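The next block holds one structure in the form of structure tokens; read it before the comments.
The chain is numbered in sequence order, starting from 1. Indexing begins at 1, ligand by ligand and atom by atom, following the structure's order. Just so it is clear, the model here is predicted, and its values are computed rather than measured.
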Amino acid sequence: MSRKKIIAGNWKMNIKPSETAALVKGVAEATKDFAGVDIVCCTPAIDIPAAVAAAAGTRVEIGAENAHWEEKGAFTGEISTGMLIDAGAKYVIIGHSERRQYFGETDETVNRRTRAVIASGLTAIVCVGETLEEREAGKLNEVIERQMNVGLKDVTAADCAKLVIAYEPVWAIGTGKTATPDQAQEVHALIRETLAKLVGAETAETVRIQYGGSMKPSNAAELLAKKDIDGGLIGGAALKAEDFAGIIAAAAQA
Ligand code: PEP
């Protein structure tokens with residue numbers, strides 16, 4: 001099964017609205033020859049209008065870093081899927097480990113957000129991954145299976161057309177430590193197997209699974225060469241057009 005590679009940047013809380021157009025245009029310009037890869041910049045909500053305007057007419061698509069499950073109401077500080085669609089976003093990252101660690105995100109709230117994002121027509125990039133402590137305690141499989149089973153509860157085979165999963169070992173995010181290609185492949189295979197039990201093997205084969213955790217131009221090719229690694233979710237290296245483009249180039253050749 002050949003799955004189109006998808007490289008998504010997660011800008012986190014790093015780029016101002018006034019800096020957005022230059023970065024998006026830099027990415028678009030540096031990657032215009034790399035057809036065959038889906039390119040996404042997930043930006044702070046306040047950057048989305050500038051990002052969408054800068055990406056117009058290019059192959060770069062824009063995403064958000066979170067979304068609430070309710071469509072509207074008294075949820076101060078939250079952003080709905082309808083607002084994101086209105087602003088031109090196409091993707092939403094859900095359940096990033098920083099949201100789980102600092103903002104009380106649970107597998108249950110990941111599930112509510114994921115179902116709302118998919119129902120809205122946006123594509124959810126759902127993050128799973130273990131901490132170093134969990135890995136060292138031999139709980140890797142248990143943690144991944146729980147995050148998948150609860151986070152994707154009631155997500156159907158049809159919903160999977162709007163689903164991307166990101167495997168992000170927490171110990172590799174922003175630390176410079178990368179999972180080896182074999183370590184990452186092992187977990188990607190587990191994710192696909194777990195997904196197969198939820199939505200069927202045939203559908204699970206179609207879902208793209210990104211690796212995230214200190215991916216950069218120098219290590220992207222060997223990770224992306226693995227059978228079940230279908231792209232990357234990129235933090236630090238997405239903040240410079242040249243670095244991000246280097247990863248997209250590796251994906252185009254994988
Ligand atoms: C991330 O935050 O999703 C991430 C993978 O960060 P970094 O690439 O900086 O490790």
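For the residue pair Ala89 and Val52, the shortest heavy atom distance occurs at N-CG2, 4.4 Å. In plain terms, the two heavy atoms of Leu23 and Ala241 that are nearest each other are CD1-N, 3.6 Å. Looking at every heavy atom in both residues, Asn66 comes nearest to Leu84 through O-CD1, 3.8 Å.
Those atoms of ligand 1 with a heavy atom of Gly213 less than 4.0 angstrom away are 5 (C), 10 (O). Each of the following atoms of ligand 1 lies closer than 4.0 Å to a heavy atom of Gly236: 7 (P), 8 (O), 9 (O). The distance from ligand 1 to the heavy atoms of Lys12 drops below 4.0 Å at these ligand atoms: 1 (C), 2 (O), 6 (O). Per-residue contacts place Gly174 under 4.0 angstrom from the following atoms of ligand 1 (heavy atoms of the residue considered): 7 (P), 9 (O), 10 (O). Using a 4.0 Å cut-off to heavy atoms of Leu233, the atoms of ligand 1 that qualify are 3 (O), 5 (C). Against a heavy-atom cut-off of under 4.0 Å, Ile173 is close to the following atoms of ligand 1: 1 (C), 2 (O), 4 (C), 6 (O), 10 (O).
When only non-hydrogen protein atoms are considered, atom 5 (C) of ligand 1 lies nearest to Glu168 OE2, 3.1 Å. Protein heavy atom at the shortest distance from atom 8 (O) of ligand 1 is Gly235 N, 2.8 Å.
For Ala237, the closest heavy-atom approach to ligand 1 does not fall below 4.0 Å.
Partner of Asp47 under the side chain to side chain contact (heavy atoms under 4.5 Å, CB included) criterion, chosen from Thr20, Ile62, Val24: Thr20. Screening Val207, Ile209, Ile229, Asp230 against Arg3 for a side chain to side chain contact (heavy atoms under 4.5 Å, CB included) leaves a single residue, Asp230.
Atom CD of Glu242 is surrounded by 12 or fewer heavy atoms from other residues, nucleotides or ligands within 6.0 Å. Within a 6.0 Å radius of NZ in Lys12, other residues, nucleotides and ligands contribute more than 12 heavy atoms.
Only the side chain of Asn10 comes within contact range of ligand 1, with a heavy atom under 4.0 Å; no backbone atom does. Within the 4.0 Å heavy-atom criterion, the part of Ala172 lying near ligand 1 is the backbone and not the side chain.
Annotation: His96 places an N or O atom under 3.5 Å from an N or O atom of ligand 1; distance criterion only.
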Next item on the list: Take Lys216 and Asp243, measure what side-chain contact (heavy atoms from CB on, under 4.5 Å) needs, and give me the verdict at the end.
Entry: CA-CA 7 Å; Lys216 41 188 185 268; Asp243 292 345; over 6 Å; no
